[in-house]
Amino acid sequence: MLANTQILLTVCTIGVLTADAYKITDEFGVGRRFDGIGGLSGGGATSKLLVSYPEPQRSQILDLLFKQQHGAALQILKVEIGGDGQSTDGSESSHMHESWDESYHRGYEWWLMKEAKKRNPDILLSALSWAFPGWVGDYGSDPYKNVSKLAYYTVSWIKGAKEVHNLTIDFIGIWNERMWNNDYILELRSSLDRNGFRNTKIVAPDTFGMEYSGFEKLFENATLRNALYAIGVHYPGTELPRNMRSNGVPLWSSEDYSTFNDDVGAGCWARILNQNYVNGNMTSTISWNLIASYYSALPYERDGLMTAMHPWSGHYTIDNPIWVTAHTTHFASVGWNYLKHGKGSGKLGAGGSFVSLTNGKDLTIVIETLSHNHSICIRPSLPAYNVAEQSATFVFSGSFSAIKKLQLYTTRFFFDGRSTVPFEKQADAIITDSKLTLRLAVDAVYTLSTIVSPGRVEPKDIPAASDFPLPYSENFDSYAADEEPHYLAQQNGAWEVVKSEGESFVRQKVLNHEIAWCGQSFASTAAVIGDAKWRDVSISIRVRVPSSKGANTLFAALRSSSYGCGEDTSTGLFLWLNPNTTTYWISYDIASLHIAYIGLLPTPFQLDQWHTASLSVVGSTFSIGIDSHSISVALGKGAASHGFVAFGSQGYGYSDWDDLRVESGVDDVFFK
Ligand SMILES: *[C@@H]1O[C@H](CO)[C@@H](O)[C@H](O)[C@H]1NC(C)=O
Ligand SMILES: *[C@@H]1O[C@H](CO)[C@@H](O)[C@H](O)[C@H]1NC(C)=O
Ligand SMILES: *[C@@H]1O[C@H](CO)[C@@H](O)[C@H](O)[C@H]1NC(C)=O
Ligand SMILES: *[C@@H]1O[C@H](CO)[C@@H](O)[C@H](O)[C@H]1NC(C)=O
Ligand SMILES: *[C@@H]1O[C@H](CO)[C@@H](O)[C@H](O)[C@H]1NC(C)=O
Ligand SMILES: *[C@@H]1O[C@H](CO)[C@@H](O)[C@H](O)[C@H]1NC(C)=O
């Protein structure tokens, strides 16, 4: 395949290693335009804990993600357009819960985009929906039912970005990993144009590369092709269907990686960043996710470029995918071009790959020699291949024939107990007679460039990790209206601070079932907080259900786990309250399939009034209190042993929550 065509001749032998030679030239023109390397915040709620970090750590982390020539120096920030529904590690709030509701101060993506722009004014912004609020599809499950309504919803978000936050959205998608709709693509294009967003380009369909074939049809219809900027596929495994003709449309891996961020994950990232172009002509790769900033017990722990899931301590880790990204982003900008296959980009003779990037003057070559077992990504499966230590001779011509030396930066991965040395500056590589021979180790990344980078600069004195601090209390007074409270990780629905008549509390605001992206075979709203390892804890919380648009059935739970897309099957010790009645019950699961106790309150749970609920578990005794009523039950078979504190409702509708207190292992404290 490609590999053979790049080996021009064998030029020399170093020791026992044969050096294959590779042309680096623009004599026959250049290859595709480089569209940048990105990170995806959301899909869902993956940056939830980042915004809660203390300074200076929060700024250090943002610098490591976005500041130019610093850490990852990302070139694209892709964000979720919140749709109120679970989208993997939580839900993100929509800007329009209902057609009559609108706010551009919800969630943390606006904040994140502005922080990114502060650090790199050239960073490109991209956005995509996972779930949609129900009204968009007339309360059915099809968002494309009325494409002009959907376009109105999406363009409103882009307008809000511009008018409220002065953010220009560069790229917009359709519906994450679901079927696209041709009429909607055309309607969105014309709606963007009518509203002054001619420069906001459409990337679609954001479906799995190999699983859903058929997206190549988007190239065949000229009207559709012209409405699109790029075809974005997910997890393509560096390849697109053979014989596909892209008719000049840029090809992107618009979501990729999703791999635990140890050195195998970093190896995966290094391999796909190069090979998405070498094998698939893809010119942009976006990591899901940007940063693993969600509770570790939620799905896909640490599948981000770095990890920040301890805001209470300020602890974070700079994982090696950050430095793998730097190997490209410190040395090439969006708008540069790759060199063509066989003219600067291709496979190496003994395994591995290289790509060259140029702006016509400067030159960057990124080489990776990751072995199979040390670069496996979460998906798709990786066919076997071999990589051996090798020498490679690069032969420069065209615009590059006069280059005398290149900066050299290396990352060596070791899987034998030695620690990896990422992104290390080496002595310059000297080019003699337009040739440069490099000895390439296995499991390494090399950058050769005319551009100078400061190399690896890391913050010192990162605080040690600590557990979620107890006792913990939150009265929601310190937030602005619509803000999402720190640490309270919404799993379905939208949990936003409301300020009313001198009170400040958090309200679940979604009134109708969303067009779900995952989970949600039955309707429930939920938010979790704390530590999924918690066993014996006590909480108290005030709760109120408004008589207008209030929820029907509420819960508070301890030892609750299995959230994310598995929310429907969550377990825990649930106390359920039925507003306006005297009934309450205890169940071991969110679906109330396993009911442990049913009780009656002395007086009905009044609407529009605050009540105090308390829950405490010590060993196998579970105690609950509702105002002055309390009981204890001995836990039976099937009762969960550990998990988060959780709140929510079955069915939608407002529920108000205030004055949360969590203590560890306190017996009976609320009932004295
Ligand atoms: C589609 O939605 C728009 C509002 O965005 C509305 O004016 C129009 O009547 C709707 N069309 C249908 C067929 O319901
Ligand atoms: C909006 O952002 C642009 C840069 O994108 C900047 O030049 C301009 O000053 C900003 N406007 C305001 C009002 O902040
Ligand atoms: C291209 O797709 C659009 C949207 O589905 C459709 O209206 C149009 O007829 C198609 N054109 C051709 C030539 O198939
Ligand atoms: C990808 O690039 C190769 C080499 O230039 C070319 O042969 C192939 O047709 C391209 N594939 C697509 C889908 O553009
Ligand atoms: C790669 O991993 C597989 C499965 O664990 C193992 O059988 C194989 O020996 C490994 N290959 C190398 C080269 O280490
Ligand atoms: C509450 O109960 C009263 C008495 O049964 C009933 O009239 C009222 O409609 C109920 N309100 C709600 C919101 O369910």
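When a ligand or atom number is given, it counts from 1 through the structure's own listing order. Throughout, numbering of the chain's residues begins at 1 and tracks the sequence. No hydrogens, no waters, no symmetry mates; every other heavy atom, side chains included, goes into these values.
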Under 4.0 Å from a heavy atom of [X]: give me the atoms of ligand 3 that qualify, with their elements.
X      : answer
Leu186 : 3 (C), 4 (C)
Asn182 : 4 (C), 5 (O)
Asp183 : 4 (C), 5 (O)

* **Heteroatom proximity flag, Asn221 to ligand 3, N/O under 3.5 Å** =>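 Yes; the residue has a nitrogen or oxygen that sits under 3.5 Å from a nitrogen or oxygen of the ligand.
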
* To do: Please determine if Arg379 forms a cation-pi arrangement with Tyr235, meaning its NZ or CZ atom is less than 6.0 Å from the six-membered ring centre and no more than 45° off the ring axis.
  =>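 Satisfied, under 6.0 Å and within 45°.
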
Would you list the atom pairs, donor with acceptor, under 3.5 Å between side chains in residues 32-41 and any protein atom, with sequence neighbours excluded?
residue, atom, partner, partner atom, Å
Arg32, NH1, Val249, O, 3.3
Arg32, NH2, Ser246, OG, 2.8
Arg33, NH1, Asp35, OD1, 2.6
Asp35, OD1, Tyr229, OH, 2.9
Asp35, OD2, Tyr229, OH, 3.3
Asp35, OD2, Trp252, NE1, 2.9
Asp35, OD2, Thr283, OG1, 3.2
Ser41, OG, Ser47, OG, 2.7
Ser41, OG, Glu109, OE1, 2.7
Ser41, OG, Glu109, OE2, 3.2

* Asked: Does the gap between the ring centers of His513 and Tyr652 come in under 6.0 Å?
  ->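 Yes, the ring centres sit under 6.0 Å apart.
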
* Asked: Are the aromatic rings of Trp269 and Trp323 close, with centres under 6.0 Å apart?
  -> no

* Asked: Mind checking what makes salt bridge (Lys or Arg N to Asp or Glu O under 4.0 Å) contact with Asp303, not counting sequence neighbours?
  ->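 With sequence neighbours excluded, Asp303 shows a salt bridge (Lys or Arg N to Asp or Glu O under 4.0 Å) to no residue whatsoever.
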
* **Thr285: partners by side-chain hydrogen bond (donor to acceptor under 3.5 Å, both in side chains), with sequence neighbours left out** =>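 Asn276.
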
Carboxylate-amine/guanidinium contact [X] [Y], below 4.0 Å:
X      : Y      : value
Arg106 : Asp101 : yes
Lys509 : Glu496 : yes
Asp20  : Lys347 : no

* **Within the protein, residues bringing a heavy atom under 4.0 Å of ligand 1, chain by chain** => Asn146, Ser148, Lys149

* Under a 4.0 Å heavy-atom limit, does Arg32 contact ligand 4 with its side chain, its backbone, both, or neither? -> side chain

* Number the atoms of ligand 4 from 1 as they appear, then name those within less than 4.0 Å of a heavy atom of Asn281, with their elements. => 1 (C), 2 (O), 3 (C), 8 (C), 10 (C), 11 (N), 12 (C), 14 (O)

